[in-house]
Each structure stands twice: as C-alpha cells, then as structure tokens.
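All remarks here apply to the structure that follows.
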Amino acid sequence: LGAMSAITAIADEVILTHDKAFYSTFLQAVGDVCGFKEQAYTPPEQFKAFVQSSIASGQTPEMFTWWSGATFRDEMVATGQIAQLDDLWAELIANGSFTAASADPFTVDGHKYALPLAFNKWVMFYNPTLFAKAGITGEPKTWDEMMADADTLKAAGITPFVATNQDGWRGFIWFEEIMIRLSPEKYLGLFDGTTSYSDPVVHQAFQMWSDMYAKGYFSDPRSNQEVVDFAGGGGAMNLMGDWAVGLLTQAGMEVGKTLDAFVVPNVSADTPAGMIYEASPLMISVEAAKNPAVMDAMRCWASDEGATVWANTSGLFMGNLNAPAPNAIVPKINKFSIDNNAALYSRWWEGVPADLQGDSVAAFASFMLNPTMEQADKVIAQVTGLHDAYWAEHK
Amino acid sequence: MAAKFIDDQTGEVLPFVPKDLMPLLSRRSWAILILAGICAVLWLVPFWYLGISVFKTTEEYTFSGPLGLPSSLRPLWGNMIEAWTAADMGSAFLNSAIYGVVGAGLAVFFAAMAAYALTRLHFRGRGFWFMLIFLGTIFPFQMFLIPLFFGYSKLGIINTQAGMILLYVAIAIPFPTLVLKNHMAQMSIEMDEAARIDGAGEFRVFWSIILPNCAGSLVALFLLQFTWIWNDLLFSMVLGNRPEIRSVMNALQVFQGNYTSTGPNVALTASLLASVPPVLAFVFLRRHFMEGLKV
Amino acid sequence: MTLQTTALSEDDTAIIARLKRPSFAGIDRVQRRRQFWIAMLFLAPAVILTTFVLLAPILFNVWLSFTKWKKFTGLDQFAGLANYTNLLNNPQFGEASTNAVIWVTASLVLPVGLGLIFALSLRGLPFENTLKTIIFLPRVIAPTSIGVIWFYVYAPKGLLNAGIEAVSGAPVDIGWLYQDNTIMASIVVTYLWQNVGLVMVLLLLGLAAIPKDPIEAARMDGATPWQVFVHIVLPLLLPTLLVVSMLSIIAGFGAFDLLWVMGLGYPGRRTLSLSVYMYFEGFSKGSWAYAAAIAVVLGAITLVVTWAQAWLQVRADGLKG
Amino acid sequence: MATVTLSDIYKVYGGHVGVRGLSLDVPDGAFVVLVGPSGCGKSTTLRMIAGLETISHGELRIGGVLANDLPSRDRRTAMVFQSYALYPHMTVRKNLAFSLRMAGMTKAQIDARVDEAARILELEPYMDRKPANLSGGQRQRVAMGRAIVREPEVFLFDEPLSNLDAKLRSQMRLEIKRLQHRLKVTTIYVTHDQIEAMTLADIVVVMKDGRIAQQGTPFEIFTSPANQFVAGFIGSPPMNFIAGQIQNGQFVAPGLTMSLPQGRFVALHDGSAVTLGVRPEDIVPEGHGVRPVNGVEFHAEIDLTEMLGNETLLFLRYQDTALTARMQQPRAVEDKEEMSFRLNVDRVHLFDAQTGATLASSPATLSHALA
Amino acid sequence: MATVTLSDIYKVYGGHVGVRGLSLDVPDGAFVVLVGPSGCGKSTTLRMIAGLETISHGELRIGGVLANDLPSRDRRTAMVFQSYALYPHMTVRKNLAFSLRMAGMTKAQIDARVDEAARILELEPYMDRKPANLSGGQRQRVAMGRAIVREPEVFLFDEPLSNLDAKLRSQMRLEIKRLQHRLKVTTIYVTHDQIEAMTLADIVVVMKDGRIAQQGTPFEIFTSPANQFVAGFIGSPPMNFIAGQIQNGQFVAPGLTMSLPQGRFVALHDGSAVTLGVRPEDIVPEGHGVRPVNGVEFHAEIDLTEMLGNETLLFLRYQDTALTARMQQPRAVEDKEEMSFRLNVDRVHLFDAQTGATLASSPATLSHALA
Ligand SMILES: Nc1ncnc2c1ncn2[C@@H]1O[C@H](COP(=O)(O)OP(=O)(O)OP(=O)(O)O)[C@@H](O)[C@H]1O
Ligand SMILES: Nc1ncnc2c1ncn2[C@@H]1O[C@H](COP(=O)(O)OP(=O)(O)OP(=O)(O)O)[C@@H](O)[C@H]1O
Ligand SMILES: [Mg+2]
Ligand SMILES: [Mg+2]
C-alpha cells in the first residue's frame, strides 16, 4: 500500500504516457529538463486500448504519444479531446526552429494538433565494411546498381539484405519501399482506395520482391533478432527508419565505419525523388492544455534545449533545425532530401485504414515466409478482397 | 544388503533373508523405469536449453549454435543485470509478490469463509449461492477482459495496485471455494457441534476449529493461487501496465518489444529469474501443491 | 409381524399439515432466519467480489456483444445480432473456430491419454516422486516463459532443428512456428509438455482414491492385470477422467498465452484459436463489440461443455448406484 | 444437575417427520437410555435437547426453563458424540480446556478442572498427544473428559461406544456407569444396542418410528414388554414368537397346545389370533438346567448350535417355526440331533396378533412372577 | 476342496515382522477361524494364502501344491473382505458373474451358477441393483455370493461381519455357518471377535504377535486354555485372574487359601508364583444357580452390576482384586451390597506367573472334568 501512495504523489507531476519502452531513459532525460515524467505502457495494443478507453471515459491522458496518419485523424483528433497547438506552432515556425512542412503530418483540417516526438525517414542502412569486402565502392545510385551490388555481395557470400518478420508486423516495409520506387501515385492511391491491390503495379512490386528472394538476396525472415543480425554482419543492408541509428550503434555498429545509409534509388529515373517518413505525434488533451505546467513542458520539448537533449540521448531527429544532428546519418539524409527536393510519403501502416492493418500485414508476412509468385497472387487476392470491401462500405 | 534380518520389535535375528523384502524389479518394471527415465530426460531438455542459454552472451548465443555449451559461466551475471534493469524487475518482483500474497491470501480466506457457510451452516439455497460464486470460473477469461478493462477505466482503478488486487482476489476465489467446500464437507459436522455446545460462536467455530483443520488445503490452495497470480499475463497486461504497478510477467514483455537489441539469452535469463519463486515454492512444497489439486 | 396400529401411524403429511396451523407455525423460524443471516455474513466477501468482478463483467460482455461499440463512435447503439451475423460471415471466425476445435481436441486427447499412461506406469515405480516432480515442473512456470523457451527451441536455428541435424547429419531448416502445417502440432507438443503433469497428478489422485479392495477382489476372481484395469480401474476412474476432460476442454478453449507468444511470427496467428482471435479483434483492432460476441461464443461453448460434463458425471455416478 | 422435560415434541424434516409427539420426563440425576432401531429418531431427540436441531413443535425444558430457542452454548449440556468429535488439531489438554476457554475462565481455573478430569479418566499420560495418536478407547475417554470438565447439568451421549470393539465396549460401558454413579449428573444416552440400554439405564426408553414404544426400568422392560416390538427388540438372542389362536382358553398352535396361567392375561375370546412369546432361556432342554415346574414338553431336531463357552444356543425347528433355546452347560451337540425341551409356561408372553400389544392383565404381574 | 498347509511361514514388512514362523494344517472341508487381537497377523496370514501378499519365508501348499509363487487367480481360493469389496459400478448380477466371465464361461453356464447362488443367498430381488443401493447385510450376502459362484477350493473370510450391527451380525453368523455346512468347502475365517470364533469354528487358532498361541476345537480352547493369554481372550466377560503363590500344595492369595484338586495340575514347588484363573460363571452367588460341590466361600461388596435380562453380571472387589461373577437369575442388586460367593474349585485354571503357560497336567483333564 506504500507503493500506492507513491503513485498518488507523482500524480501532481506532468506525465507523458507512451508505448515506447525502449525510449524511456531518453524521454526521461528530456523530462528532467522540461518538467515531466515519462511513463511507458506496453505493448502497443494495450497502450492503444488504454488511451482509447481513457478518452471514452473522459480521462484523456494529459500528454501522450500516438501514431500519425489515418489513426491520428480518425481516432484522436475526431474525438475533440486533443488540444490544438496552432499558437505554439506559429511561435516555433516564427523563430525558425522548425520548417512549416514539419507540421504537415500533424495537421488536420488546417489545425495542428501535435508536436513531433520524432520525424524520421526510412533509408537503407548498409555496412561499408562488408561492401568493401565484396569489392563494392560507393553507394548505388540506381535500382539496377543496387541489384548489381546485391549480386556482388551474394557472390562474395554475404547476404545482401536483412529483412525479418520479427514481431509479425514488418511485412509491409519492403512492399511500401518497392511501391514508391515504382509509382508514388499508385502507392498513395492505396490509402484512399483509388488504387486497388489488383493493380498491375502491385503485382509488379511483388514480382520484383519475389525475384529478389529467388536470387537469395534476403536473410531468413524467421529470425527474431533483426538488429543483432545486421549488427553482427548477418547481412549487408537493412531497410529501417533513421531512428534505428541509436539501436544499431548500441548493438556495436559504428557510424561511418560499419554503418552508413543511403536512400533507396527509384526503379525508373523519371520517378520523382521521395522517401517514406514516419512521424510520431506528441499531443496533449484539451483539459491539460489549461494547465500551464503542461504547456511549459510542451514548449520546452520543442525548444532548442529540449531538442538538443533529445537528439543527444536518443539519436533521434525531431525536426528542430537548431538542435545538433544526432549522428552523421541524419544530416546526410536531410541533405539528400533538400538536394533532390524529395517528396515524403506516409508509411503504409499509418496510411491504410486501421481496420485493415493487421490482416493485410499478416498477408504480406505470409509472402515473406513463402516468397513465390503463387503465394503473392494469393496475398494480392486476399488483400484486394479486404480493401475493396472496406472501400465499398466507406466511400 | 545385510545378510541377516533383525526384527525391530524383538531384536530377534531371523534365520533367513526375506525373499520379498527387496523385490527385484520385474523385467517389465525395468522397462517402464527405463522408459520413464528417458521421458524425464526429454522433459528436462528445454530446461537444459534454458540452463545453457543463460550462460551465453548475445554473440555467443547467436553464433555458437543451440547445442554449443557456453564458454564460461560469467555471462550469467551480465545477463541477469541486463534483464533485471531492462525490465525493472526489482519493482516488478515486489508488485507480483504483493499481488500474489495479498490476492491469494485474501482469496483463500474468503473462499474458506464461503465454504464454511456452504457446508456447515443450515440455510436454504446453498446450491444457488455456490453456483453464484463458482459461475465466475466456468467462463473463459476472455469474457471478463473487455468489460473489466472498460469498467476499471471508468472507475479509475485501472493501473492501480488496488485494482489489480481486487481482480486477483475475486478471480482466485471460486476454485478454492470448490476445493474447500469438498474438503469441509468431509470433515465431521459433529466437530463443530461439539464446539458449539462447548460455547463457541459461529466465527469461533470457523476460526478455531475449521480453519486449523483445513491448514493443509489452505496452504496448498494459497500456493496454487499464488502461482497462478504470479504467472498471469493476460490480466496484468490489460489492467496493470504502468511500470510502478506492473507484475513480473508483464515486465518481461519488454523483451518482446519492437527492435530490442537484447538477445534471446537475456530474454531467457529474465524468464528464468521470473520463474524462480514459483519453481522454488514448488520444489520445496511439492507435497502441498499436489494436495491442493484434490478437487 | 405387523406392529403398526392405525393410531400409531398418523400420516406424515397429516402431521405436517397439523403443525402448519397458525398456532403451531414458525416455532423454529426465528432460528432459521438467524442462521440465514449468519451464513450471509460468511458468504458476503466471496459473493460480493465474484459478483461484481466476475459475473457483472460477463453480463456486461453479453450486452456489449449486441452493440456497435467500436472505437467510441457508435458507443452504445444497439446492433441486434449484427455482430453474430458478422461472425458467421467472416471466414476468419470459421478458421479460428476450426483451429480452436483442432487445438482443443489435441489438447484434450493427448494430455489425458499420455497423462493416463504416465499415471499408470509411474505408480509404485522407484523414484516415483522425482519423476512426478520433473513431469509436473513445467506446469508451475508461466505459460509466457514456457512460450519464450520453446519459441527458441523451435526457431529455425533452434535446438530442435540442431538436434535433428545432429541425428540425421543433414542440414535441417524447418520453421516449426512459421508453417501452416507444423505450427499447431508444435504448440500442441509444448502444451502437452506443460500440462500433462497436471493431468497426471489429477489422475494419480483419482487412482489413489480408488479403493484397493475391489482390485484385490478382481485379482482373486481370476482377472489378469489387464482385465483388472479394463473392468475395474477404468470404470472407477471414469468420474475423475470426466472432470479432467472438462477441465482440459475449458483450459483448451481459454488457452491464450502460449498461442500468442509462440505464434508471434506466424502470419495466421490471430486465427490460431478463438481466444486469440477475440484478443486480436478487441485489443489490436478495437472491434470491441465484435470481440465481445466472440467471447460470448466461447462462454457458450464452455457452458455447454460444463453442462455435458455434469450430465455425464451424474450418469457415471449412476454407475455406482 | 437438572430435570429435562419434553412435551409433545415434533421434528419435521422437509416432507418427513422424524420425531412425532414425544413426551418424556427425565428426573434429576437419572440415567435415561433411548434405544431403538436405526432411524427411529433417537439422535434427533438428543440433538434437539442439545440445541443442534431446531424443535418443530412442542416444549423442551431443562431445569424447568423453556429451552426451545436457547442456543446450544447456553443450555449447560455436554455431549459425547459417536465419532467423539475431538478437535484433531488440538492436544488432549487443549481439547479438554476448549469449553473452559470459551467460558472465559482463568488459566489457573482451567488447569485445575482439566487436571481433575484427566485424573478421573486416567488421561494424564496422554495430555500432550493429538487425538490421531490415541487408541479408540483413549479417544472415547477424552470425549468424556471434554464433557465432564464443563460440569454440565445434563450429559448427552450419542452411541458413544459403537466405534469400539466388543472387548473395549464392555469395558467402557462399565466406566461410563461408574462415572455417572459418581457424578450423579442427569444423563440421556442414545444407543441401538439393547445390552447397553439394559446395563446402563435407570430408565430405558424404547423408541420406534419417532415415538416411545415403552419406557421403564430395564427389569420392567425385559420382563413385561408392553408390545411385541419391545419384546423382540430387548434380549439376545431375541424372544421366540409362535403364532396361534385361543381355543377354550388355551393357546393352540400347530403341534402345541398350552393352558395359560390363570390371571396373567386379560380375558381372551375363543378364536382370537395371538402371538405367544417365549425367551430362549425358557425353552429348557430336558436334563440341562432347572426343569420348569409348569411346562409343556416337545421334541425337535437341532438345526445348528452355537457354543459360547459358558452356554450353548440351540437353533431348532419345530413344526415350521424356528426357535432358539439356551442351554446353560456347554455340551457339544450334533447337528440334526433330536432333543426334548420343556417350555416354561409361567414365563410366556402373549400379544395381540394384530396390534402387537401385550395381553398381560397388568404390566406388573409378570415381573412379580419372575422376581 | 482342498487342504491348506502352512509351514514356518514368515511375513516381513520393512523392519518389522508381521507373521513369525506360523505352521498350520487345515484339513479338507474344515472351518478354521483365526482369532486374536488387532495387529496379531491374522489378515496378513489370510492375504498370503490368497496371494495378495508375498510370502517372506516358508511354504504354502494348497491342495498339496506349492502355492508360494502362484498368482491369486490361479489359487482357486475365494475371499470375502471386511469391506465386502464389491465392484461399485456393477449390478449385483454382474458382481456375481465377474469371476465366471473372467474364467471364460458361456453365458448360459454363468447364468445358471449366478441364479443358483442368488437363490441360496436370497438375493433374487436385488440382482439389478448397484451395491450402493443395498443395505449392509445385503452387501455382505453379495460378497459371499461372489465367493460361492466360483466354486472355489478354499473360502477365505476377513472379518466379514465386523461392519454389521449386533443383530445382523449374529444373524449372518448363522447364515455363514449354514452355508459352510451345506457346501463343505475348506474355510479360513479371520475375526477378532471371540464369539464368532467359538460359534463358527471347527478349529480355532488363537494368534498373538504373529504366532499361534493355541489351536484346537472351540471346546478345548474354552475349557483348557494353553496359556493365560488365551484364557483371558476367549470368553466374555473374561476370566478372572488372581495372583498368588503355592504354599504347601495350596494356592494362597490375600484373603484366599484354596486346596488344589488332585492330579489336575503338574507338581508345583512351594513358593512359586502362579496366577489363578476362574471364569465368571464359576464364582456363584450363594443362593443362585447350582451350588458348586467343591467350593471356597468368600464375601465381597458389589461394586456395580449389569442386568442382561436372563442373567446379571456382578462386578465385585475382593481384597483389591476386581472380580466378575455371573448370576443366572435376573435379580436387582444394589450397589455396595455385601454378598457371599462360592468359587468352584473344580474349574479353576492355574498359570505360571512368569510365562503365562498353563500348569494343567494334561490339556485334556479339565475338559473331561467339565463335560
Ligand atoms: N438432516 C436430516 N434431514 C432429513 N431427515 C433426517 C435428518 N436427520 C435425520 N433424519 C431422519 O429422521 C429420522 C430419525 O433419524 P435419527 O438420526 O434420529 O435416527 P436414529 O434413531 O439416531 O438412528 P441411528 O441409529 O441410525 O443413528 C430418520 O428417518 C432419518 O432419516
Ligand atoms: N502393508 C503393511 N506394511 C507394514 N506393516 C504392515 C502392513 N500390513 C500389516 N502390517 C503390520 O503387520 C502386523 C499384522 O497386521 P495384520 O493386518 O495382519 O493384523 P490383523 O491381525 O489383521 O489385525 P486387525 O484385527 O487390526 O485387522 C501389524 O503389526 C501391522 O502393523
Ligand atoms: Mg443416531
Ligand atoms: Mg485384519
């Protein structure tokens, strides 16, 4: 019972509820500066259910993280329980610490509802040492070059790509990457039903993916140690968000020496440059917005000071331009982005209707475990069925 | 084997060696014993695997192959520390202990009270009251999950120790009620009548006469329910997720989380650590455990 | 020799009728009422707790299954049987049900069968207690931990494949927990490993409760050990077997942790069983009302099983008279 | 010490009546034994007196005070159960002390009383044992000790000896008798064993079907049974019954005609169906024991004998009626041997064949004849 | 039918010997009763014969064939257990038929035998009931039925009557006796009740501590006990024992001097410590029953009496020795009454005070004197 009174005691503090237990220490480092206390709530399903039911019972957490995309719009902002942060954003853009575009993922009907916890891009990490071992110099500039490199690596006995189905939800990662490299429009069309999964482009994407599997480019999808595999040299490249730098360095990789990254090139040269982004919103409830302590914590979070601590501890980039680059890779990618005027596309996960996420991603996973075109056709048929039915009902 | 046999009562030395005293196992028994031995070894294989894995570093685990023996015993300490800190097992152990002890303790006590009323007191509708209590365990837990989650949220006791204890007490009541009811029904009713004539009131009879005579069952049921609560993941995942109040089993879920860089060796070490209390309880109190299964 | 005179044998009903007349009525009612309230006092904690924490949620769950409660948009709109018709139309439910039936059948037949064999062969063997302890041990460990251990045993580079390789000499790469044709069997083996000890102990207790005398009588009546088993032991063990079977079935339908943990990398995880499917629909997808309907189906199944068991039990007890 | 009075007591269980209008006066200090076949309501009666069962109807007074609604613990009764009902988790000492502790006595008082009881019952060597480590007889004594420490006004015993073997039973029977003679506490004792009833009671109450079939001293009950049921129930081996008729004031049965002693029986109509009762010791083999002066002679074949050492029971068959005779001297008798017997006419009983009621003119006559 | 021969049989349990060198010849068709106090090894002996316990040492022959290692089912013995051991899940008919089914008989044969057994034991009305729905006596009969249908060569009974109440017990005792007289199957019967032993046996075997204390006909055992243990065990109430000495060829105890009958006892040294044994019926109250010709007179105060109807037991105290006397006529005796008794000198027993062995010159003498 002593422990219970301890809980009531901390109730006076500002609490940041989140599901990212692996960031707990980093978040608390910022919290120490900005006056909040982090509280992890795992696993994500539970966290989701907890937040949803809290909102339903009128006890919205004061400060919490979520996912961007459809769920942010339909399940959070739509409840009316999330505070608008237009004023704060105006401040931040005005003082030049954020670009206006960085608010886009958090904007619904012209209003901004969240600060970025992180603003990440999905890139191809690679291991320069292994590249060198296979005799590859430089990063691939085209899809074909990338495939050629893969061939070379394979020939040298090195698995080109680490790709696992760890935790059961990674199935969409290569799918979305190949899709945007083939046709960004078709990719975006998947989100609102304008592209059907029976579209030839989807088929083509699966064909390419399947061919790569056939050539033995991928590591065992059944591995449950993606990070350890990659860090341990189990593959030369790995498609991940740039937030992974911290994890990978923790696991022993060294930026520049054994770890670097490039943006996956497009299949055809005339496709515009682009990247998958992932933004985690940090938001507060309408009720909490009345509490100056909460507002102060939010302001502090996005401030140069907060962003600096965040970058230094977590290795994550939240979009504050004045914060130091958390590592050498983030500026490199940012530079690519600016140089090529790269478009940013939402992740498939956030883009598709939440109802369809689980079933579809399981279908992709089944393809990874059995990467034949036969299976691909099955997967396509299955997913097409799910989505067509959904859009038939929701249009 | 002693060549002579001495009667322990008279001290007399018998003039022969009893033929049947140490019966040699028949050939069939030997076969069964050997088969049983093989089974036992097979049964222990996963534990052996657990045993060697916790002595491996992550690299060793990944690259030495599952059959390889650990190169040294030292990594265990590191694995333990990593598991302990990563899952914040200190407070998790304390929480689980509180839930287990308070939950199982109260549940068994309340169950004993109910069983007392159901077996030793005369009133109508005993069957109804028993079913009312027992119905709770007939249904699969899935049926409580959603309503409890919402109910707890509404009442504001989600993610509180009080809420967890409330649930565990309630859910641990029906089974002990059944067992104790059967147990008490077998106890002589004349015993409480004697106590009543001797001047004891109802609570006295319960406390001084009935409870002490159920001691074995009470211990056994406490152990069973404690183990159940300790091992529960489902409810602790749904109703108690904040780090300060989460149980050991829930804490272990951090190793299932996304993109952890901790290897299976650490996850396995954590599993091992979390299993220590119930396994110890079982090994040392095995007799009690099995006693409690007598329904 | 009839002794009863008509005067001596006033009919019971006549006596009761006479005693029920107002002048007699209720002589012991005061005491009865007092006893009732004392009993209530003893029952109160258990009844209140189980009613509010277990029974009320079950009712709430049933109600929920008739609403559109999904993601707080349709809150408590009545949906009639919509959730149930959805269930029937959803192939995933069919798949989950089929799997549940397979799973439950396997988790009933195998542990009870093997448990019976163990119980019978371990009785009276040297080291009986040690062997029993070993077989029972997995049962005290959390299913989640068990799941984690076996997850790595079954991993492609795990213990099992390595063992088969060592024996066969050929490289083996079976993803036991990733393939449609192996995953169920693999989890069943783990489940068996964990639960057979419990079944065995329950059966041993049942065997110990069988009186020795009829068995000795049968031996003297000329029965061979096998005949003694078939004609005497098995029928007398039947009530225990029924209880154990019922517990196994209920546990089987409710089993979640093991399937959830071990199915982690399996694309069809959510339809491995009804319990998993319900969790997935409710907690992953937020289709609360739909999930509640699945839970109701599960509850109905267990009620039927319990009822059937009670019915059979009465008949089995009827065997004794 | 107190009187116990039951007036028109009924006990109803659901749709079924266990005790039907029982009235009984137990004088202060008396030893009353309730005896009867299984299910006749003995225990129920006792338990109503103890306050362990509610009373459906009627009045129970203990020491003159209406006790119907008094809780057990306020009745100042002590009970010894068939199963002894010792508290298995307590030592003998604690078992004995429990009621005194409940009564809130001081440690010193409790010790004094417990030690005294232990001395009387010779329990001193076992005071620190648990009941499980005692023999049947010792347990029985602890149960009695638990009753006497309370110094109750009424002792209640419910078949306290039926879990003991024959030897121990007769030994404990004597101990109970001695104890009651010494303490002089009103005692109500339930048994289904007529020997216990006969040997222990001041007053025997024979019950049947929830009612009293007869009550009286053991001697009265044995010598002047009020009905055929009591006659058959008391005495071992049981009384022989011969069905017959009255003809010309004589009892007539197949192969047997017997003049009835004058004045012993009520006037009997010719042709009325009666049952003759005669105890085994009143069928005397010729040449063994005291030859009855007034007897009827007959021959019969011995079917079976039981040699009990000091006496032999002869089972015979006379004209299709199975009879038992008691032979005082042990003598080996061959199966199928033909023997002569004399039936002691002065000691026969006569019962109405329909109602079973005795046809003796006054209950006392026979006992006088026997004394 | 068969003889059963045990030669030097031992049974060892762990560190402890249950049966010690028991040798016994059971003639074909005899009814042998093993009797003795609890734990003396009766059941163990019986179970070794049945094949339910292994034999530690010695030889067991059934019908002349060495049976030590024969499994139960091949011994052609049938057993009736104390608990009856009926198969609870089978009807009476199936219970009876079980052994015949095991023996592979045809349906017709089985029915014939079962119906015959049911008829003998009057079980016809219950054939389709389960044991749980039978009364104690009925169950007992089913257990016997199960034994007889097999037509075994040896019947074994282990305290078959001890779960029945007194009335039913004496009734079933007779039935068993009748049955054995009719079937003439070798029977070994275990009981701790000396009355059963006396009444049923052709040969009584009194056991003590795993050994035979005496064996003989009931009459021999009763009249010429081989030692003080047997003398005290057989007979109810038990024999009175008076400790004393031999002085000048006379028995001398405090307040009692008695010349011993000539030739009845072995020559006794002056001063040797002996125990005098006298049965209750041989202490005759003056004025009641047959006055012993050769008697010693003494006065004693009555401590307690037990009126059994046809007789009264008197418990007296004479010079610090508690004695029991049997009075043949029922007569009310007051507590503390002073009475005269005559001790029948012709029927006394004498035992060595150390070893307890009888001092009778020849086992037969006394029985002759008594006959
Ligand atoms: N709790 C009860 N509920 C219903 N009927 C009962 C109950 N207790 C006793 N009876 C019935 O009341 C009658 C008298 O029972 P009681 O126990 O007094 O008999 P008893 O004379 O003591 O017999 P026994 O010698 O077998 O102990 C019986 O017919 C019995 O079946
Ligand atoms: N299975 C056993 N293990 C150890 N000792 C035993 C076993 N069975 C019997 N004994 C011991 O052997 C001795 C003889 O036992 P047995 O059962 O033959 O006695 P009994 O004469 O039948 O007594 P009772 O009248 O109590 O049935 C006793 O001392 C008993 O404790
Ligand atoms: Mg009774
Ligand atoms: Mg025995």
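All chains are named by letter (A, B, ...) in the order of the sequence lines, taking the proteins before the strands, and each is independently numbered beginning at 1.
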For a side-chain contact (heavy atoms from CB on, under 4.5 Å) check, start with the C-alpha distance between B:F123 and C:L43, then their side-chain angles and the critical distance, and finish with the verdict. CA-CA 12 Å; B:F123 62 100; C:L43 282 173; 3.8 Å; yes
Would you mind telling me which of [options] has the largest number of heavy-atom pairs within less than 4.5 Å of chain B?
options: C:F36, C:F127, C:F253, C:F136; result: C:F136
options: C:P138, C:A292, C:S121; result: C:P138
options: C:V201, C:T306, C:I149; result: C:I149
options: C:T144, C:V305, C:T130; result: C:T144

Run the side-chain contact (heavy atoms from CB on, under 4.5 Å) test on C:M40 and B:W129 for me, step by step, so that the C-alpha distance in whole Å, both residues' side-chain angles and the decisive distance to 0.1 Å come before the verdict. CA-CA 9 Å; C:M40 283 304 115; B:W129 292 106; 3.4 Å; yes
Indicate yes or no: at least one non-hydrogen side-chain atom of [X] is less than 4.5 angstrom from one of [Y].
X: B:V279; Y: C:I141; value: yes
X: B:F282; Y: C:T133; value: yes
X: C:M278; Y: B:I146; value: yes
X: B:L234; Y: C:W260; value: no
X: B:E202; Y: C:F42; value: yes
X: C:L54; Y: B:I171; value: yes
X: C:V53; Y: B:L166; value: yes
X: B:L233; Y: C:P143; value: no

Rounded distance (nearest 0.5 Å) linking atom [atom1] of [X] with atom [atom2] of [Y]:
X: C:I58; Y: B:L135; atom1: CD1; atom2: CG; answer: 6.0 Å
X: B:F141; Y: C:D257; atom1: CZ; atom2: CG; answer: 10.0 Å
X: C:T51; Y: B:I133; atom1: OG1; atom2: CD1; answer: 8.0 Å

Counting only non-hydrogen atoms closer than 4.5 Å, does [X] touch chain B with its backbone (N, CA, C, O), its side chain (CB onward), both, or neither?
X: C:L122; answer: side chain
X: C:I48; answer: neither
X: C:A209; answer: neither
X: C:I135; answer: both
X: C:Y279; answer: side chain
X: C:F52; answer: neither
X: C:I250; answer: side chain

Check whether [X] gets within reach of chain C through its side chain, its backbone, both or neither, counting any heavy atom under 4.5 Å.
X: B:V238; result: side chain
X: B:F149; result: side chain
X: B:F110; result: both
X: B:F109; result: neither

Fit a plane to each ring of B:W43 and C:W193, take the angle between them on a 0 to 90° scale, and name the class: parallel (under 30°), tilted (30 to 60°) or perpendicular (over 60°). tilted
In a check of side chain to side chain contact (heavy atoms under 4.5 Å, CB included) between B:M143 and each of C:L298, C:V62, C:T302, which one passes? C:V62
